[in-house]
Amino acid sequence: MQLILMSLGLAALIGTSESQTGCYGNINNVDTTGASCKTARQEGLRYCGVAASQKIAEKDLKNMNRYKGIIKSAGRKMCVDPAVIAGIISRESHAGTALKNGWGDNGNAFGLMQVDKRYHRPVGRWNSEEHLVQGTGILVNMIKGIQKKFPRWTKDQQLKGGICAYNAGIQTVQTYDKMDIGTANNDYANDVVARAKFFKRNGY
């Protein structure tokens, strides 16, 4: 009996290893205030915060599940938690439903993760794994930039900073508590983190 319990305990530890959470912190440990009231109102909600982010993510879940396989594959290749990728996809393109022929942001941003053509050369189809690998690679570069800029932050804090920088650039991140100032609706990282936690609970 004791051996069985030890095995179960080991399995639980393995279940929370880097293979599931990625190499850049654990999204479940990242603090978040969720969506701003401005973001929530744009989504037709009368409440703000984490509950609003969760509701928005819930609305995106059915469409997100169409891409679950390639999201997980891109996550494995880049050692990034698939839930984080899904959180960004939800915020950027509502799992593709906000795009026109794969483009958004007045024709400047491409694909599920909205890679900006003004700064990057988009690759692959808008809804392909190749695109997700590119977008996730950009996120990884942002996280690494935040690691260099704020080496004393925890991995979880650096993960949140990288998500913020994905939207507004490394230069925008000045302090941990106010990193979202200067991002879209001043809530990008907090909203994405809250959405990512929802997707984490739903199989990502």
Side-chain angles (χ1 to χ4, degrees), residues 18 21-36 38-39 42 50 53 56-57 60 71 74-75 77-95 98 104-106 108-124 130-200 204:
E18 284 190 348
T21 61
C23 297
Y24 304 100
N26 186 338
I27 194 65
N28 284 328
N29 294 336
V30 180
D31 61 284
T32 176
T33 56
S36 66
K38 183 175 182 180
T39 293
Q42 289 174 349
V50 172
S53 295
I56 298 164
D60 288 338
I71 290 170
K77 288 178 178 178
M78 305 305 294
C79 201
V80 170
D81 190 334
V84 173
I85 301 173
I88 290 174
I89 291 171
S90 174
R91 171 73 184 222
E92 291 286 349
S93 70
H94 283 308
D105 190 22
N106 299 312
N108 289 315
F110 179 74
L112 293 170
M113 294 183 75
Q114 289 291 272
V115 172
D116 196 318
K117 71 177 184 181
R118 293 168 292 188
Y119 304 99
H120 310 278
R121 185 173 66 84
V123 299
E130 188 178 6
H131 161 71
L132 293 184
V133 168
Q134 181 186 28
T136 306
I138 294 168
L139 173 64
V140 167
N141 287 336
M142 294 297 151
I143 296 170
K144 289 179 176 178
I146 292 295
Q147 288 172 344
K148 290 179 180 178
K149 188 173 181 178
F150 301 102
R152 294 187 178 182
W153 284 11
T154 67
K155 284 181 73 172
D156 300 327
Q157 290 174 326
Q158 290 165 342
L159 171 60
K160 187 177 183 181
I163 292 170
C164 179
Y166 184 86
N167 175 252
I170 294 168
Q171 73 284 350
T172 300
V173 183
Q174 298 296 327
T175 65
Y176 183 76
D177 291 340
K178 297 180 179 180
M179 69 169 66
D180 262 340
I181 294 175
T183 66
N185 293 350
N186 294 319
D187 71 344
Y188 187 90
N190 279 289
D191 185 25
V192 167
V193 168
R195 297 192 200 196
K197 289 185 178 186
F198 172 87
F199 289 115
K200 188 75 171 174
Y204 285 81

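A quick note: this is a predicted structure, and the numbers were derived from the prediction, not measured.
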Where the side chain of [X] meets the backbone of [Y], is there a donor-acceptor pair that is under 3.5 Å apart?
X      : Y      : result
Gln114 : Ile88  : no
Asn167 : Ala184 : yes
His131 : Pro122 : no
Asp156 : Val30  : no

Is there a side-chain contact between [X] and [Y] (heavy atoms, below 4.5 Å)?
X      : Y      : result
Ile89  : Leu132 : yes
Tyr176 : Asp31  : yes
Gln42  : Asn185 : yes

Enter the distance from [X]:[atom1] to [Y]:[atom2] here, rounded to the nearest 0.5 Å.
X      : Y      : atom1 : atom2 : answer
Met113 : Ile138 : CE    : CD1   : 7.5 Å
Tyr204 : Ile27  : OH    : CD1   : 15.5 Å
Asp105 : Ser93  : CG    : OG    : 12.0 Å
Leu112 : Ile85  : CG    : CD1   : 11.0 Å
Ile163 : Met179 : CD1   : CE    : 9.0 Å

Return yes when atom CZ of Arg118 has more than 12 non-hydrogen atoms of other residues, nucleotides or ligands closer than 6.0 Å, and no otherwise. yes
Please tabulate, one pair per line, all N/O donor-acceptor pairs under 3.5 Å involving side-chain atoms of residues 139-150, not counting sequence neighbours.
unit_1, atom_1, unit_2, atom_2, d
Asn141, ND2, Gly137, O, 3.4
Lys149, NZ, Ile170, O, 3.1
Lys149, NZ, Val173, O, 2.7

Minimum heavy-atom separation for Ala196 and Val84, please, with both atom names.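 In terms of heavy atoms, the two residues are closest at CB-CA, 4.0 Å.
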Specify the closest pair of heavy atoms between His94 and Ile56, including all atoms of both residues, with the distance to one decimal. CE1-CG2, 3.5 Å
Residue pairs passing the side chain to side chain donor-acceptor pair (under 3.5 Å) test with at least one member in residues 186-198, sequence neighbours excluded, are Thr33-Asn190, Ser36-Asp187, Thr39-Asp187, Ser53-Asp191, Ser90-Arg195, Arg91-Asp187, Arg91-Asp191, Glu92-Tyr188, Lys160-Asn190, Asp180-Asn190, Asp191-Arg195
Passes side chain to side chain contact (heavy atoms under 4.5 Å, CB included), Phe110 versus His120? Steps please. CA-CA 10 Å; Phe110 179 74; His120 310 278; over 6 Å; no
